[in-house]
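Here the structure comes first, spelled out in structure tokens, and everything after it is commentary.
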There are 2 protein chains.
Amino acid sequence: MWKGPAVAAPVWSVDPRTGKQREQVAVEATAQEVDAAVRAAHEVRGSLADRAVRAAFLRGAADALEAARDGLVETADAETALGPVRLTGELARTCYQLRAFADIVDEGAFLGVVIDHPDDTATPPVPDLRRYKVPLGVVAVYSASNFPFAFSVAGGDTASALAAGCPVVVKAHPDHPGLSELVVKVLRRAAREQGVPDAVVGLVHGFEAGLELIRHPLVAAAGFTGSVKGGRALFDAAAARPVPIPFHGELGSLNPVVVTEAAAAERAEAIGAGLAGSMTLGVGQFCVKPGLVLVPSGAAGDGLVKSLTDGVSDTDAGVLLDHRMRDNFLAGIAERTQLPDVESPVTPGAGGEHTVSAGFLTVPAGKLAGEGEHDVLLEECFGPVTVVARYDDDAEARAVLSRLPGNLTATVHLSTEEAEGRGRGPELLAELTPLAGRVLVNGWPTGVAVAPAQHHGGPYPATTSTSTSVGGTAIERWLRPVAYQNAPEALLPPELRDDNPLGLPRRFNGRLEH
Amino acid sequence: MWKGPAVAAPVWSVDPRTGKQREQVAVEATAQEVDAAVRAAHEVRGSLADRAVRAAFLRGAADALEAARDGLVETADAETALGPVRLTGELARTCYQLRAFADIVDEGAFLGVVIDHPDDTATPPVPDLRRYKVPLGVVAVYSASNFPFAFSVAGGDTASALAAGCPVVVKAHPDHPGLSELVVKVLRRAAREQGVPDAVVGLVHGFEAGLELIRHPLVAAAGFTGSVKGGRALFDAAAARPVPIPFHGELGSLNPVVVTEAAAAERAEAIGAGLAGSMTLGVGQFCVKPGLVLVPSGAAGDGLVKSLTDGVSDTDAGVLLDHRMRDNFLAGIAERTQLPDVESPVTPGAGGEHTVSAGFLTVPAGKLAGEGEHDVLLEECFGPVTVVARYDDDAEARAVLSRLPGNLTATVHLSTEEAEGRGRGPELLAELTPLAGRVLVNGWPTGVAVAPAQHHGGPYPATTSTSTSVGGTAIERWLRPVAYQNAPEALLPPELRDDNPLGLPRRFNGRLEH
């Protein structure tokens, strides 16, 4: 067993605008400290059993985060360079998310209550069965680099796990350790204010600590947002445990976009401009950045590329989340631009010492239709770049789509006629559905609304499970069903009693009730 | 890559009552044949897209199995020795299950339809989002030895996968290959009669073929019922794939039973007799056989053991499903009976050349309260044996429970007063809930009713996932969500249209509707 660093390893907050260390904010957790955090969380799991307490805690956390907004946004900006406007919006979204899960806890549909009365006349007789869902236990949450609020310490994984009744131990992302420390303090204080022991939310720093966490016998499930490499390593560790646990990881996604010939003919300029905005948003650091765009050959497509060129050229250089990402981005660009038949109308690259400039590549779609050296163009490249593949006919576009791994999103731009159900519209929607968890028409995938109908996930490597990490149904990941057979009313939890004292939506003797 | 047996390996039907080969019924599938079965199933997956067709196919399959009943039961009995009464009942259950899934398909609640209208006034604006669930693709089903109908070729995994819209390739269990061939023919004919290509249900034989199946790139998920060893090997293979897939395995379960002091005082004889019946049912070959029973020390517990002794002594010797199981059973008994302080009031063992006789062991509960050589008593032993652990006080019983791995079921026998909510009743229910997927009061776990509220699953190794393999919600395992963003009505599937032409239960702008 790994025992942790021999000497406490410092955790530094770093300014990505300069590459300089700001201050030491923590030390990496030892194995003993990971163990202590998990055990403490496990010990107090019962404090989240009461749904009213959970809802109050989630709402209190949202209030407290809002009250601390200015300081949180300042630290987040200093560590991520994402800018105060975006970060203020992201914090608002994070608070909305916490409150939305409080509403979900109150409603109780997620409990999946099903009650079947006995049937003594059946052969064999059917007993009284009552089923609902119970929390799995301590959830390990691995924070994302690119959403320091919404997919980090108080983000969707934490909110949905607490809503489910599961304590959480968060592995902080090294890109914003100072913010992580501030946010966990807010959450822990909000817990105490509702009479919940603050050990329901733990925080650890360090790569090895993250591995230790996924292997801990008392960790019952994990949520992750990050790279394919890191996520797969943790997925493998979760599966290799003596007792394997669910690992809900969001890894990588190319987010293909298809522009039909008719759509390009109708509004090449608007599509090109929209694409430029989407792929450069947040310096191209969104997991749903469009990374591959199928554009028809010919004049209409040329117009789109021209508009994209203008839009991207007008984009200011930007700072990536850390300098390792900048190195990876530049290496990824170098690898892709040296390929035969790849051109770069606007060459992405080093903007200044600490920045990168946006750009895009073009390639004939035929180069991607079969296995070969161009396959690297079908892999995600994190940062402000996209690949425009020019296709000659529908068969060529289809051939490229058929070679894609799973995605979070797939987008199609249709003409007005096609959107009305004529031509290739219905067919394209059907072709894109197997590729992704979210299919968009005439829009851009950046921007993931928090709504009941949302699904943020998709076939591997978009996610390692069939669940969503955004929207109300994200709570389902942290629960398991339990059925009680012939348990007398006096022993049943109130959720499962005939008279439904809590007014829960349920299936009662086969019929849905709410 | 494994290429399959050099010479076609014969698959023999064997009579467990004699150990003799009955006839050759098939050959083991080569890698090419596995590939062909999966590709054929994948190719025709679209034929299951229409829910009405799926429901008709499931009902037609039930009708056809019933029509073929006599021949099927005869072959099943010849291969498993489970007897015509049990097998006739199991076939009826299997047909009920197929029809129940047809009803579920018709109702459509499993689609999880959620519709959110856009909100342009929100910051940022919320788009139109509509979500439902789509089938994953080809499902690999690994048949069980002990349920040749209900957990095999036409069993719950197959029924739920087809209901979800997924084609199936079944790995036959070597204990009933002849029956598997007969059942798949019935299913394939039922498919054709509904205009569905019969490749939607494939069948392969052979251990290596089973491994090849789980690794096939076009297999999207798997269901398994069997041993911890076999299930874990397949789970590991599923997780190690370049694209990992969900593996829903039911592996092993001890199914603990706790008898309180007060319950034993009230009805020792009835509980002992009930236990004898449950643990010997089907020659102890149920996955929910009670394998560990906590019985109080003292006179009342002695009475229970006396009653159990009488009941088990009266049980006829029986034939296990195959001779390998018989060998394993006898070896398991030998290993357990030689432990210090283990007694066997009725010694289980070889009944005759091809049979086994039922029995049970007793041990002081203290021997199981901490790690040691007695730990083997906490492992499942397939066959007609159970372990009675005598406890001195509640703390000792609790110590044993705290050491158990996950279970399909946990049972408590309470006195009339305790069942009314007094004494240890509520506390015991709370203690058993974390241990199992189904918690029973004053009953026996053998017998798994097919009902909406059923849950057949539990913490690992009871199952490798948080899903159920019995009851209506088993369908959830073979689906993944897809959300459509701003898709025009003309392009949406009817399931997601505002006017709800199919009358589906759904969540519409936040409100549940049905």
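Each chain gets a letter, A, B and so on, in the order its sequence line appears, and its residues count up from 1.
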Output the distance between atom [atom1] ([X]) and atom [atom2] ([Y]), rounded to the nearest 0.5 Å.
{"X": "A:D106", "Y": "A:L504", "atom1": "CG", "atom2": "CG", "value": "10.5 Å"}
{"X": "A:T466", "Y": "A:E476", "atom1": "OG1", "atom2": "CD", "value": "9.5 Å"}
{"X": "B:L408", "Y": "B:S469", "atom1": "CG", "atom2": "OG", "value": "7.5 Å"}
{"X": "A:E513", "Y": "B:L512", "atom1": "CD", "atom2": "CG", "value": "12.5 Å"}
{"X": "A:L440", "Y": "A:L432", "atom1": "CG", "atom2": "CG", "value": "10.0 Å"}
{"X": "A:R480", "Y": "B:T463", "atom1": "CZ", "atom2": "OG1", "value": "8.5 Å"}

Can you tell me which portion of [X] sits under 4.5 Å from chain B's heavy atoms? Options are side chain, backbone, both or neither.
{"X": "A:P246", "answer": "side chain"}
{"X": "A:F235", "answer": "side chain"}
{"X": "A:A221", "answer": "neither"}
{"X": "A:R93", "answer": "neither"}
{"X": "A:T464", "answer": "neither"}
{"X": "A:L136", "answer": "side chain"}
{"X": "A:R241", "answer": "backbone"}
{"X": "A:L414", "answer": "side chain"}
{"X": "A:A436", "answer": "backbone"}
{"X": "A:T473", "answer": "side chain"}

Minimum-distance pair of heavy atoms, taken over all atoms of B:V470 and B:T468: O-OG1, 3.0 Å

Chain A contacts, top residue of [options] (heavy-atom pairs, under 4.5 Å):
{"options": "B:R130, B:R232, B:K133", "result": "B:R232"}
{"options": "B:G472, B:G137, B:A220, B:P242", "result": "B:P242"}
{"options": "B:A487, B:A419, B:A122, B:G510", "result": "B:A419"}
{"options": "B:V243, B:V412, B:N442", "result": "B:V243"}
{"options": "B:P125, B:P459, B:A109, B:A430", "result": "B:P459"}
{"options": "B:P426, B:A239, B:A238", "result": "B:A239"}

What's the verdict on side chain to side chain contact (heavy atoms under 4.5 Å, CB included) for B:V139 and B:V219, showing C-alpha distance, side-chain angles and the deciding distance? CA-CA 6 Å; B:V139 170; B:V219 166; over 6 Å; no

Worked check of salt bridge (charged side-chain N to carboxylate O under 4.0 Å, His left out) between B:R424 and B:E417: CA-CA 10 Å; B:R424 286 262 290 154; B:E417 279 217 341; over 6 Å; no

N-O pairing of [X] and [Y] below 4.0 Å:
{"X": "A:R506", "Y": "A:D498", "value": "no"}
{"X": "A:R507", "Y": "B:E107", "value": "yes"}
{"X": "B:E418", "Y": "B:R422", "value": "no"}

Close approach to chain B in residues 445-458 of chain A, criterion heavy atom under 4.5 Å: A:A449, A:A451, A:P452, A:A453, A:Q454, A:H455

Where does the angle between the aromatic ring planes of A:H514 and B:H514 fall among parallel (under 30°), tilted (30 to 60°) and perpendicular (over 60°)? perpendicular

By residue number, those in residues 111-120 of chain B with heavy atoms under 4.5 Å from heavy atoms of chain A are B:V114, B:I115, B:D116

Chi angles and distances behind the side chain to side chain contact (heavy atoms under 4.5 Å, CB included) call for B:L429, B:V441: CA-CA 8 Å; B:L429 221 65; B:V441 178; 3.6 Å; yes

A:Q485 vs B:T409, test: side chain to side chain contact (heavy atoms under 4.5 Å, CB included). Steps then yes/no. CA-CA 10 Å; A:Q485 180 170 327; B:T409 70; over 6 Å; no

For residues A:F110 and A:L479, determine if any side-chain heavy atom of one lies less than 4.5 Å from a side-chain heavy atom of the other. yes

Kindly determine whether A:L281 and A:W444 satisfy side chain to side chain contact (heavy atoms under 4.5 Å, CB included), including the steps that lead there. CA-CA 11 Å; A:L281 194 70; A:W444 299 103; over 6 Å; no

Please determine, among A:P244, A:P461, A:P505, the option with the most heavy-atom pairs under 4.5 Å with chain B. A:P244

Count the heavy-atom pairs under 4.5 Å between each of A:P488, A:A490, A:P481 and chain B, then report the option with the highest count. A:P481

Any luck finding a side-chain donor-acceptor pair between B:S465 and B:Y460 under 3.5 Å? no

